[in-house]
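Reviewing the structure listed below.
Remember, it's 1-based here, ligands and their atoms both numbered in the order they're listed. Positions are given from 1, in the same order as the sequence printed here.
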Amino acid sequence: MENKLYFYNTLTKKVEQFVPNVDGKVAMYTCGPTVYHYAHIGNLRSYITEDLLEKTLRYIGYDVKRVMNITDVGHLSSDADTGEDKMLKGAKREHKTVMEIAKFYTDAFFSDCGKLNIKTPDVVEPATNCIAEFIHMIRVLLEKGFAYEAGGNIYFDTSKLKEYYVFSNLSEKELLVGVREDVDEDVNKRNKSDFVLWFTKSKFDDQELKWESPWGVGYPGWHIECSCISMKHLGEYMDIHCGGIDNIFPHHTNEVAQSEAYLGHKWCNYWFHVHHLIDKSGKMSKSKGDFLTVSLLESKGYNPKVYRLFCLQSHYRKPLEFSYEVLDNMGAAYDKLVKRIGTLKRGEDIDRIKFDEYRSRFEEALCDDLNSAMAITVLYDMLKADISDATKFALAESFDRVLSLDLTTAQAAKEADSDIDAELKAYVLDKIEERKAAKKEKDFAKADAIRAELLEKGIIIEDTREGVKWKRA
Ligand code: AMP
Ligand code: ZN
């Protein structure tokens, strides 16, 4: 098939034509969340953008298989392998077991993704499911001389590679600054850039999850997870590997090192990285304390799709600064947009030539390094054009397969919601009157029964000096 998509490949540092290994098929991998806390909306910027890439690929005709891991062990508090396991930190914080924490935050992650219309990948695999695969890869790396045992841990020997820093022109010294500052040096390492494949010894002996291995009871390093999980489901050749830009080093650099050492050939051709969501003080991160979640936005009255639109209106290779002011403007634009589309109806009168013309323009924008803001401009242009309502409706529905903003359904859902609201209000007011009458007749049993009936429907009533008030429970 025609390969018309171009996007920036971190490996070659160029916008490149995307050509998959097998014509028409795409093997795609995404680094999944570390499930020790809620995802912040910065993490979700990465997942929204990767969802946009996947849906663009499908829209232009590729058959995509997308795999995502769930990191439920091995990601230490520093991306280099130092500090405490993030999962253990989460468990201690909430006085729960690591597995309870993993289940709770995995569910929370997919619930947030659902609210943002992020499709669940075809395969989702928790790291703790794949211990045998990790041990196998580490064993082969030891056999091939790419790994060594020191002080009880197994390390990858980066000096055995022709090129370790595949993504960067920076010198080793420059890269090490920042990543390793104020971290104790691990004296077991032969080279500063070596990294742990399997831990049996760490400063933190209370690691909850440990497994038998040929090197003693222990647990895997974070980087090995993604190499093994992707190969388990996608084989030895991968087309696209995604993540946020902070994953480039050391995580993706280490993934390439160990995967290619293990395979003996090139592994992944295209590396797709999403720039960060930032706030006034810099990159959004969980270690900053209060961080923004989808639930927090909802509690402030924002529809999560408005945040999706906010992300799509910027380019994924630029930092995006969050502010409520911009989100408010985005909310107003979203309401106007769906209201406009809400006036259109599905119909037979579709102008095929115009349909194809706008669809091509929409595809062209996306194929130009995922220019989603331009794709949205095509949507606005189309809505203003002199074409039949049925054609506009069909195009909006088609574009929404990629944009996933509920373009053709949001307005009707909103109206249905307000109908329910009106119905509920009438019912509650009726019941309040009935209760008033019962109290007047001193039928307190009936008054209490009415209060209980309302409570069962999620309505709380309160007798106040200004009269009876009600609210949702
Ligand atoms: P984590 O759960 O910490 O492993 O991160 C999940 C994903 O979010 C990774 O792909 C990170 O690169 C990405 N990420 C982390 N912080 C941000 C941010 N502020 N903006 C965008 N993506 C981020
Ligand atoms: Zn990964």
Output yes when the distance from some N or O of ligand 1 to some N or O of I245 is under 3.5 Å, and no in every other case. no
heavy-atom search around atom 20 (N) of ligand 1 in the protein gives L277 N, 2.8 Å
Pair F156 and H223, ring centroids less than 6.0 Å apart: no
What I want to check is whether the side chains of S46 and E50 have a donor and an acceptor closer together than 3.5 Å. no
At a 4.0 Å threshold, what atoms of ligand 1 neighbour a non-hydrogen atom of S46? 13 (C), 21 (C), 22 (N), 23 (C)
How is the N/O/S atom of E255 that comes nearest to the Zn ion (ligand 2) named? OE2
Taking distance alone, with N or O pairs closer than 3.5 Å, would you say Y47 contacts ligand 1? no
Do D381 and R361 meet the salt-bridge criterion of a basic N to acidic O distance under 4.0 Å? yes
Distance check below 2.8 Å: does H251 bring an N, O or S atom to the Zn ion (ligand 2)? yes
The protein heavy atom nearest to atom 5 (O) of ligand 1 is N43 ND2, 3.4 Å
Using a distance-only test with no angle check, is there a side-chain donor-acceptor pair under 3.5 angstrom linking N191 and D157? yes
State whether the side chain of D368 and the backbone N or O of N371 hold a donor-acceptor pair below 3.5 Å, judged by distance alone. no
List the atom of E125, the atom of K232, and the distance in Å for their closest heavy-atom pair. OE2-NZ, 2.8 Å
Sidechain-backbone polar pair: D194 side chain, T158 backbone, donor-acceptor under 3.5 Å: yes
Please identify which atoms of ligand 1 are closer than 4.0 Å to at least one heavy atom of P33. 2 (O)
Students should be able to answer this: which protein heavy-atom is nearest to atom 11 (C) of ligand 1, and at what distance? D246 OD1, 3.4 Å
G244 N/O to ligand 1 N/O under 3.5 Å: yes
Among all protein heavy atoms, pick out the one at the shortest distance from atom 21 (C) of ligand 1; state its residue, atom name and that distance to 0.1 Å. G42 O, 2.8 Å
Would one find an N, O or S atom of C31, in either backbone or side chain, under 2.8 Å from the Zn ion (ligand 2)? yes
When distances are taken from atom 2 (O) of ligand 1, the protein heavy atom at minimum range is T34 N, 3.0 Å
Can you tell me if N9 uses its side chain to pair, donor with acceptor, with the backbone of W271 under 3.5 Å? yes
Taking atom types as modelled, find out whether D72 and Y36 have a side-chain donor-acceptor pair closer than 3.5 angstrom. no
W222-ligand 1 polar pair, N/O distance under 3.5 Å: no
Just go through H251, H275, H276 and tell me whose heavy atom is the nearest to atom 23 (C) of ligand 1. H276
Check whether Y316 reaches the backbone of C311 with its side chain - one donor and one acceptor, N or O, closer than 3.5 Å. no
For atom 16 (N) of ligand 1, the protein heavy atom that lies nearest, with its residue and separation: K283 CE, 3.5 Å
The closest protein heavy-atom partner of atom 9 (C) of ligand 1 is N247 OD1, 3.5 Å
Tell me, please: is H273 in heavy-atom contact with ligand 1, that is, under 4.0 Å? no
On the 0 to 90° scale, with breaks at 30° and 60°, tag the F310-F322 ring pair as parallel, tilted or perpendicular. perpendicular
